[in-house]
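Just so it is clear, the model here is predicted, and its values are computed rather than measured. Lettering of chains follows the sequences in order, A, B, ..., and the numbering in each one begins at 1.
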Amino acid sequence: MSDGLYWLMKTEPDTFSFDDLLSRPQQTEGWEGVRNYMARNFMRDQFKVGQLVFFYHSRIEEPAIVGVAQIVKEAYPDEAALDLKSPYFDAKSLAKGESRWCMVDVKAYGQFERPITLKELKSTAVKDLQNMALIKPGQRLSIQPVTKKEWDAVLKISLLKRI
DNA sequence: GCCAACGTTGGC
DNA sequence: GCCAACGTTGGC
């Protein structure tokens, strides 16, 4: 399906927003808390340094792609799973003595001149975006592959300003 | 805040 | 290893 070059990652901006990423040292942050096997497997098996990722805000009034991040560190164990105080604590990982989840580091790469809303992506769906996972009902996967065609189509909607 | 979709859990 | 119950996601 995917050419494995581009991705989309969802986040709730209340938890971690693109602005949060911009405020981090080196504008880089570890993407912890992924607790879904399919999403984990994408990260573990297919994420490579240098790949670009759409940064998508969900669970807000206007869900939207707001920017682009770049993978700067490939998958490593997400130790938050072993931390009782973490919201991402996972009893099964603790029982096993090692985290069954992994994370990657991402760095801010670019911000769109304006957010590209889900509504807009759906309305442009007549063309290259009609098969994009994001716009399909019931699609909840927090990490999704994006094809080059889809990537290029999204980049035409709003100007990506390099950071 | 509702609720449909769908992933995970656990009894059998 | 089936599948009902349960929990979470995320658009609306």
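- Taking the centre and axis of the six-membered ring of Tyr109(A), the NZ or CZ atom of Lys107(A) falls outside the cone set by 45° and 6.0 Å.
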task = Starting at the 5' end of nucleotides 7-12 of chain B, put B wherever the base has a protein heavy atom under 4.0 Å, S where only the sugar-phosphate does, and a dash everywhere else.
result = SSS---
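- Salt bridge status for Arg114(A) with Glu120(A): present, with a side-chain N to carboxylate O gap under 4.0 Å.
- Ring to ring, Tyr37(A) and Trp101(A) are close: their centroids are under 6.0 angstrom apart.
- Ring-centre distance between Trp7(A) and Tyr56(A): not below the 6.0 Å cut-off.
- Contact check for Leu160(A) versus Phe112(A): side-chain heavy atoms found under the 4.5 Å cut-off.
- In this entry the distance linking NZ of Lys10(A) with C1' of dC6(B) reads 12 Å, nearest Å.
- The interatomic distance linking Gln144(A) (CD) with dC6(B) (P) rounds to 12 Å, in whole Å.
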